[in-house]
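All residue numbers refer to positions in the sequence shown, counting from 1. Both counts, for ligands and for their atoms, begin at 1 and track the order of listing.
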Amino acid sequence: MARTSRIPGFHKVTIQQRRNLVVDTTGADEGEIGRALDKGGLSAEAADKFVENVLGTYALPYGMALNVRVNGHDRVVPMVIEEPSVVAAASNAAKMAREGGGFVAEADPPLMIAQVQLCEVLDAESTAAVLEAHSEEIRKFADRALGGLVARGGGARAVEARVLAEDMVVVHILIDCKDAMGANLVNTVAEAVADPIATIAHARVGLRILSNLCDKRCVRVRCRVPADAIATDAMSGSEVIDAIVGASRFAELDPYRAATHNKGIMNGVDAVVIATGNDWRAVEAGAHAFASRSGRYQPLATWRRDGDHLVGSLEMPLAVGTVGGTLRVHPAARLSLRILGVTDAQELACIAASVGLASNLAALRAMATVGIQRGHMGLHARTVAVAAGAWGDQVEQVAAMIVEAREITLEGARRALETLARDANRQSTVIDD
Ligand code: NAD
């Protein structure tokens with residue numbers, strides 16, 4: 001089957017028709033989609049095995065980003081997110097990027113860092129040198145704790161010692177986690193190697209834990225968008241390129257802007273990370289620590305002009321897995337991996353980061369042209385209508401009324417509902433007469 005992510009009219013059809021289209025284009029099983037997504041896909045009994053003190057589950061919308069092409073392969077990308085307009089915006093921007101060939105992405109080998117803190121060190125510099133001289137021995141200790149992973153081709157790859165203070169050294173053991181996110185694997189290693197390391201260093205062991213600043217596990221994505229693909233009715237493509245490049249410069253110069261710029265990227269990344277059952281707190285922690293690595297908080301993605309193209313580049317650490325954790329247990333996470341058709345964790349990281357770059361492009365283009373609120377509030381209107389008590393067909397009617405009146409507020413939606421009720425009343429009186 002030729003897998004395509006171009007599904008015109010997808011947003012206009014019913015949920016059941018969308019499911020059929022996803023079955024047709026990705027080969028996903030219709031029954032599995034129903035089992036995984038109806039009622040949130042997770043029973044209270046199953047949830048009770050995930051975390052503690054469970055009362056039930058909390059569902060989030062599960063949408064599909066379309067038009068995404070990464071390294072020449074089309075991907076229909078599941079996104080789990082509560083914020084209106086993010087899925088539509090990512091799909092729209094992915095279509096623009098597609099005009100320039102789509103996203104080109106590469107992921108580092110899946111190396112995670114186990115940290116062992118050494119305290120009460122007598123001579124930090126010479127202790128660090130001694131530890132590095134014993135790195136092969138420490139690596140073997142680590143591999144002994146990772147039998148299953150080593151058998152799959154992963155395991156400890158290197159040992160580094162860093163001096164943090166006169167009396168404190170931290171040892172990093174770099175672990176190739178293959179297709180796992182790796183937190184549990186890495187924590188196991190940190191605890192297993194701590195005592196032998198303390199013996200070598202003649203020091204007291206402090207913490208033994210992974211670092212979420214997994215800067216050896218970065219993903220890099222680029223896209224080249226032709227000017228014609230990003231023109232608007234009011235602005236030429238070339239003007240839009242200049243405006244987006246200016247917006248990128250703003251984020252590069254100002255951490256206040258960079259924080260929101262990166263939030264837009266994480267709208268896309270997190271939604272894919274959550275849909276695939278991965279740990280989004282770990283990904284967030286890594287992304288923002290990486291953004292601050294120069295000492296000043298920086299944008300994770302930047303935009304430049306290259307002739308009549310806009311070129312976007314994103315680099316960020318991204319620890320995601322296709323095995324382990326709760327991935328294989330949560331039916332919706334399993335479904336997502338199946339729909340994506342990924343074969344390994346690096347491929348998944350490339351797709352999540354591409355959707356992040358698409359989300360960034362969509363937000364910058366909107367802000368640089370008509371403003372973010374027009375598209376966002378138009379879609380937000382439906383949520384406001386539901387919050388005001390609209391249901392069924394009323395939701396679209398109320399949303400259209402408050403967008404038209406430019407009053408996308410709870411009050412505006414309540415008034416629109418009253419108007420609809422009055423009209424319905426009048427209608428029934430006429431019929432009764
Ligand atoms: P895990 O404990 O399930 O370990 C992965 C398992 O999968 C291992 O037993 C491994 O041998 C096996 N495996 C099978 N096929 C594999 C393959 N192809 N590649 C790699 N391993 C393979 O999961 P994990 O990834 O070590 O830990 C992830 C979990 O840890 C997440 O749920 C996360 O929320 C949680 N966690 C996170 C933090 C943090 O980020 N700070 C801390 C603690 C726990």
Side-chain angles (χ1 to χ4, degrees), residues 41-42 46-52 54 57-58 60 80 107-117 139 141-157 170 172-194 206-219 266 269-291 316-334 336-338 340-352:
L42 194 65
D48 199 29
K49 306 285 181 288
F50 280 37
V51 302
E52 310 73 38
V54 164
T57 57
Y58 178 121
L60 286 169
V80 169
D108 289 336
L111 289 181
M112 295 295 281
I113 301 168
Q115 291 197 294
V116 177
Q117 178 197 18
R139 211 182 53 70
F141 273 121
D143 272 352
R144 240 171 269 156
L146 290 170
L149 185 66
V150 171
R152 292 185 175 90
R157 294 288 180 259
V170 62
H172 284 191
I173 302 110
L174 308 187
I175 316 283
D176 182 336
C177 295
K178 302 306 277 182
D179 297 316
M181 179 268 182
N184 291 325
L185 292 166
V186 169
N187 290 344
T188 304
V189 167
E191 295 190 0
V193 300
L207 300 189
R208 303 152 298 165
I209 189 81
L210 90 157
S211 171
N212 284 118
L213 175 51
C214 48
D215 55 0
K216 311 271 191 229
R217 194 177 188 175
C218 280
V219 55
M266 300 314 288
V269 174
D270 281 344
V272 181
V273 168
I274 297 172
T276 52
N278 275 288
D279 183 342
W280 72 94
R281 288 88 54 208
V283 169
E284 283 279 341
H288 299 295
F290 187 75
M316 64 181 290
L318 196 44
V320 286
T322 53
V323 297
T326 50
L327 263 83
R328 292 279 166 204
V329 192
H330 197 300
R334 274 203 314 264
S336 297
L337 291 173
R338 196 118 52 224
L340 279 168
V342 287
T343 53
D344 61 37
Q346 284 165 284
E347 216 176 351
L348 176 58
C350 287
I351 295 170

Check [X] against ligand 1 and report side chain, backbone, both or neither, counting heavy atoms closer than 4.0 Å.
{"X": "T322", "answer": "neither"}
{"X": "A285", "answer": "neither"}
{"X": "V186", "answer": "neither"}

Please report which non-hydrogen protein atom sits nearest to [atom], along with the residue it belongs to and the distance in Å to one decimal place.
{"atom": "atom 25 (O) of ligand 1", "result": "G182 N, 2.6 Å"}
{"atom": "atom 18 (N) of ligand 1", "result": "D179 OD2, 3.1 Å"}
{"atom": "atom 6 (C) of ligand 1", "result": "G324 CA, 4.4 Å"}
{"atom": "atom 11 (O) of ligand 1", "result": "R152 NH1, 2.9 Å"}
{"atom": "atom 37 (C) of ligand 1", "result": "A183 CB, 3.2 Å"}
{"atom": "atom 9 (O) of ligand 1", "result": "L185 CD2, 4.4 Å"}
{"atom": "atom 31 (C) of ligand 1", "result": "G325 CA, 4.3 Å"}
{"atom": "atom 29 (C) of ligand 1", "result": "N184 ND2, 3.6 Å"}

Nearest 0.5 Å, please: how far is [atom2] in [Y] from [atom1] in [X]?
{"X": "L174", "Y": "C214", "atom1": "CG", "atom2": "SG", "result": "11.5 Å"}
{"X": "T57", "Y": "F50", "atom1": "OG1", "atom2": "CZ", "result": "10.5 Å"}
{"X": "Q115", "Y": "I173", "atom1": "CD", "atom2": "CD1", "result": "9.5 Å"}

Determine, using heavy atoms of G154 and all atoms of ligand 1, whether some pair is separated by less than 4.0 Å. no
Close approach, G321 and ligand 1, non-hydrogen under 4.0 angstrom: no
So, does [X] use its side chain to make a donor-acceptor pair with the main chain of [Y] at under 3.5 Å?
{"X": "D215", "Y": "P317", "value": "no"}
{"X": "N212", "Y": "G286", "value": "no"}
{"X": "D344", "Y": "D179", "value": "no"}
{"X": "S336", "Y": "A275", "value": "yes"}
{"X": "Q346", "Y": "A107", "value": "yes"}
{"X": "R208", "Y": "A192", "value": "no"}
{"X": "N187", "Y": "L210", "value": "yes"}

Closer than 4.0 Å to some heavy atom of [X] - which atoms of ligand 1 meet that?
{"X": "L149", "result": "11 (O), 20 (C), 21 (N)"}
{"X": "A282", "result": "40 (O)"}
{"X": "C177", "result": "19 (N), 20 (C)"}
{"X": "N187", "result": "42 (C), 43 (C)"}

Are L327 and T276 close enough that some pair of their side-chain heavy atoms sits under 4.5 Å apart? no
Heavy atoms, side chains only, cut-off 4.5 Å: are C350 and E347 in contact? no
Ligand 1 and M181, any nitrogen or oxygen pair closer than 3.5 angstrom? yes
Of N212, D279, V320, D344, which has the heavy atom at the shortest distance from atom 33 (C) of ligand 1? D279
